[in-house]
J.: 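Here's a structure for you.
First the proteins, then the strands, lettered A, B, ... as listed; each starts at 1.
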Protein chains: 2
Amino acid sequence: MSISERKLKILKAIVDDYITTGTPVGSRTISKREDINLSPATIRNEMADLEEEGYLEQPHTSSGRRPSDKAFRLYVDTFMRVSQLTDEELKFVKGYLNRKYSEMNDIVDVTAEVLSDLTKLTSVVIESKSEEDELKRIQIVKLSDRKAVLVLIFASGSVRDVMIDVPKDINEEYLENLSGWLSRFVENRNLEDALTQIRSGAENDLRLHQRFGEEIINLVLENIRKNAPRKNVALGGARNILNYPEYQDVESAKNFLTLLDKKDALYDILSDSNGLEFQIRIGNENKQEQLKHMSVITASYRINSRSIGTFGLIGPTRMDYGRVLSILQFIGQTINGMFDDGDDKDK
Amino acid sequence: MSISERKLKILKAIVDDYITTGTPVGSRTISKREDINLSPATIRNEMADLEEEGYLEQPHTSSGRRPSDKAFRLYVDTFMRVSQLTDEELKFVKGYLNRKYSEMNDIVDVTAEVLSDLTKLTSVVIESKSEEDELKRIQIVKLSDRKAVLVLIFASGSVRDVMIDVPKDINEEYLENLSGWLSRFVENRNLEDALTQIRSGAENDLRLHQRFGEEIINLVLENIRKNAPRKNVALGGARNILNYPEYQDVESAKNFLTLLDKKDALYDILSDSNGLEFQIRIGNENKQEQLKHMSVITASYRINSRSIGTFGLIGPTRMDYGRVLSILQFIGQTINGMFDDGDDKDK
DNA sequence: TATTAGCACTCGCTGATATCGAGTGCTAAT
DNA sequence: ATTAGCACTCGATATCAGCGAGTGCTAATA
């Protein structure tokens, strides 16, 4: 069942080579490696075996072999080592993130940017509002005769706003009071609790909304429900796909870009990370048809061990997994640091 | 100086043909058109003239001609007619925009999406915070020991939020009071006025901030200044570029996508619309190197005749200008309707 | 018995060559 | 002034040979 030590060594060499060159690897190339003292012929025999076992594939007779998804999986599980980032890389990331952090929105964008710049891959970042994120405040501000804006502020620091239509003769003061009233109900509750709390509160305390009946409360409830779960997502470096010889043909590039064009799709790509800290999906392991020949590595970032977002990289299956993983790790830490109760944030 | 009636007619025919086919147009093709009763030879003579005058160019001897930027400019200025959208198109837009409007953020995204879906071009949308947009409210909410979120709410309905570090021992109540105090100063003032107002107010009213001195006020001022002008921008249908035979070669596609990858660049593309309602920039008329072979059509959307955003389409110079313009027009109107003091919004 | 040298074979890639056809410019006829 | 006729241009497409990286198999070797 298990493969011999030697086969493993050869397989690793093939994968290493393929990751850097992207072209099928021949037996001679491998036999020239210092750590392998075998003739091309021997290696050919082993390669034939490895092919039979599904670790290698041959584009056509008389070409070299390339690793299959199965081989990459083995490689990742067995050989991958999280590499150390260089000093420049560390500086690059820090400079990027320190310079610009401000809105949650921005953080998502900037993270996507730094990820794709650093890896030359395509990055996706979502700020996923956890079910558990607690509300801090609800504020309704009147803008004009019939328009108001409803603002939800969460404990994680994320903010949602939505325009609502309000009855014409409602006044600012009323909305102000309503905001205070609602905020008292929701403070430090997650969304689900907050909604029930408001609903039951509305039944017991008729003073504030008697004039507009349940209309305004329902409006608020409905809009909270509809908008709070909205996901904030950013995409970076989509063009990078065109750097890989595998994607030089326009048709497959278009396919890929089409997938990325829908926010929902981006969300799907990152969503089934099952709360794992890191996840690597190789080729066929992806559900999406367009990603069957690509790999997706995702990580989640957390505040107080609660996940508040996921970010990931998409690239050809032959990406440098070790390096990519270490980058994700480091960026996760850095972002975490930004949300910590930031003592000594420069150290 | 001016061109003969007949030359104009021929030129128009050439442009029309080139817009639909994208390939250089030969004399025979034109002579077969119903409204033109001339032999190929005659047309060839006219075409030679038009080429001399800079309206046509020949990729190589013995190929047909294609219109130059100058020809498209003439075409747009002279012949373009805003076409009528079909019923399906109208429905498509309305369905799209009615279904999803909520956050300002979303509106920008959705506009980009509908624009590119409808035109098969690349769309860019920015919500440009006008200098004149008035503040409605400032709210500071404490999140943890040292973190708070500062929220700015504008009369246009747009909302900005930014995380700030606050002194550890500041309490919620203080921030609450501060919010009220600040809001009173800024209400219905534009950003510039609001800032001076707060500054002078801080000198005269020491009650609220005495405990933390100027620290917290400065923090707030600084963050407002830094973040309020932030632009919200969305991109749609970048992949559409690959549908055009002119951009089948990967190199130019990559160039184009690289341009779109930076938000600042997107902003630049739309920014010099000079407050015009519509603007068409053809080929060379664009400043950006990557757009020298493309056209950009932009429109601004307004509330009460004040521009609150710009949206535009980018595509090959041979786009269907009339149709694109009518789409921009209609979408502008529709969005306007959403922000109107929405009486009879379904009609 | 495991390894390797040797060799015929495969097949994609490159470059040269020929052919085709859409389109032109020019000239001479209408 | 227009047009028919014709030689010419040049990109696009197809065909074909030669190259070379790589293979699988067999027989010799340690």
J.: Show, in sequence, the C-alpha distance, side-chain angles and deciding distance for B/Asn284 and B/Lys70, and conclude whether the side chain to side chain donor-acceptor pair (under 3.5 Å) test is met.
T.: CA-CA 9 Å; B/Asn284 273 308; B/Lys70 190 175 170 189; over 6 Å; no
J.: Whole angstrom is fine here: how far is it from CD in A/Gln58 over to P in C/dT10?
T.: 14 Å
J.: How long is the gap from CD1 on A/Ile331 to CD on A/Gln329, to the nearest 0.5 Å?
T.: 11.5 Å
J.: Could you tell me how far apart A/Arg65 (CZ) and D/dA21 (C1') are, to the nearest whole angstrom?
T.: 13 Å
J.: Report the distance from atom CD of A/Gln248 to atom P of C/dC13, rounded to the nearest whole Å.
T.: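 After rounding, the reported distance stands at 14 Å.
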J.: In whole Å, what is the span from the CD1 atom of B/Ile43 to the C1' atom of D/dA1?
T.: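 Computing the B/Ile43:CD1 to D/dA1:C1' distance gives 15 Å.
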J.: Check the distance between C/dC26's C1' and B/Glu46's CD and give it to me in whole angstrom.
T.: 16 Å
J.: Ignoring backbone atoms, establish whether B/Arg66 has a side-chain N or O less than 4.0 Å from OP1 or OP2 of C/dG23.
T.: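 The answer is no; no side-chain N or O of B/Arg66 sits under 4.0 Å from OP1 or OP2.
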J.: Given that both pair distances must be under 3.5 Å and the pair must be Watson-Crick or G-U, what runs of three or more consecutive pairs involve DNA chain C?
T.: C:1-30 with D:1-30
J.: Can you establish whether the number of heavy atoms outside B/Lys262 located under 6.0 Å from its atom NZ is more than 12?
T.: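 Counting neighbours around NZ of B/Lys262, more than 12 heavy atoms of other residues, nucleotides or ligands fall under 6.0 Å, so yes.
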J.: Within this structure, what is the CZ-OG1 distance for the pair A/Arg66 and A/Thr317, rounded to the nearest 0.5 Å?
T.: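 Reported to 0.5 Å precision, the distance equals 8.5 Å.
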J.: Scan nucleotides 2-19 of chain D nucleotide by nucleotide, 5' to 3', and note B when protein non-hydrogen atoms come under 4.0 Å of the base, S if they reach only the sugar-phosphate, - if neither.
T.: SBBB---BSS--------
J.: Let me confirm one number: the CZ-OG1 distance from A/Phe92 to A/Thr86, rounded to the nearest 0.5 Å.
T.: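 So the CZ of A/Phe92 and the OG1 of A/Thr86 are separated by 11.0 Å.
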J.: Please work out which residues in residues 8-28 of chain A have a non-hydrogen atom less than 4.0 Å from an atom of DNA chain C and list them by number.
T.: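 Going residue by residue through residues 8-28 of chain A, none turns out to have a heavy atom under 4.0 Å of DNA chain C.
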J.: Given atom CG of A/Leu56 and atom P of D/dG24, what is their separation to the nearest angstrom?
T.: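 Taking atom P of D/dG24 as the reference, CG of A/Leu56 is at 11 Å.
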J.: Roughly, in whole Å, what's the span from CD1 in B/Ile30 to P in C/dA22?
T.: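 So the CD1-P distance, B/Ile30 to C/dA22, works out to 16 Å.
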J.: In whole angstrom, give the distance that lies between atom CE of A/Met47 and atom P of C/dT4.
T.: 15 Å
J.: Which distance, rounded to the nearest 0.5 Å, do you find between the CG of A/Asp49 and the CD1 of A/Ile3?
T.: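 So the gap between those two atoms works out to 10.5 Å.
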J.: Under the criterion side chain to side chain contact (heavy atoms under 4.5 Å, CB included), I'd like the reasoning laid out for B/Met319 against B/Ile297: C-alpha separation, chi angles, the key distance, then a yes or no.
T.: CA-CA 10 Å; B/Met319 67 171 82; B/Ile297 305 196; 4.0 Å; yes
J.: Can you check salt bridge (charged side-chain N to carboxylate O under 4.0 Å, His left out) on A/Lys91 and A/Asp87, steps first, answer last?
T.: CA-CA 6 Å; A/Lys91 255 184 210 154; A/Asp87 280 359; over 6 Å; no
J.: Would you call the rings of B/Tyr75 and B/Phe79 parallel, tilted or perpendicular, where under 30° means parallel and over 60° means perpendicular?
T.: tilted
J.: Just to verify, which of A/Thr21, A/Ile14, A/Ile19 counts as forming a side chain to side chain contact (heavy atoms under 4.5 Å, CB included) with A/Asp17?
T.: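 Exactly one candidate clears the test, A/Thr21.
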J.: To the nearest 0.5 Å, how far apart are CG in A/Leu242 and CG in A/Asp249?
T.: 10.5 Å
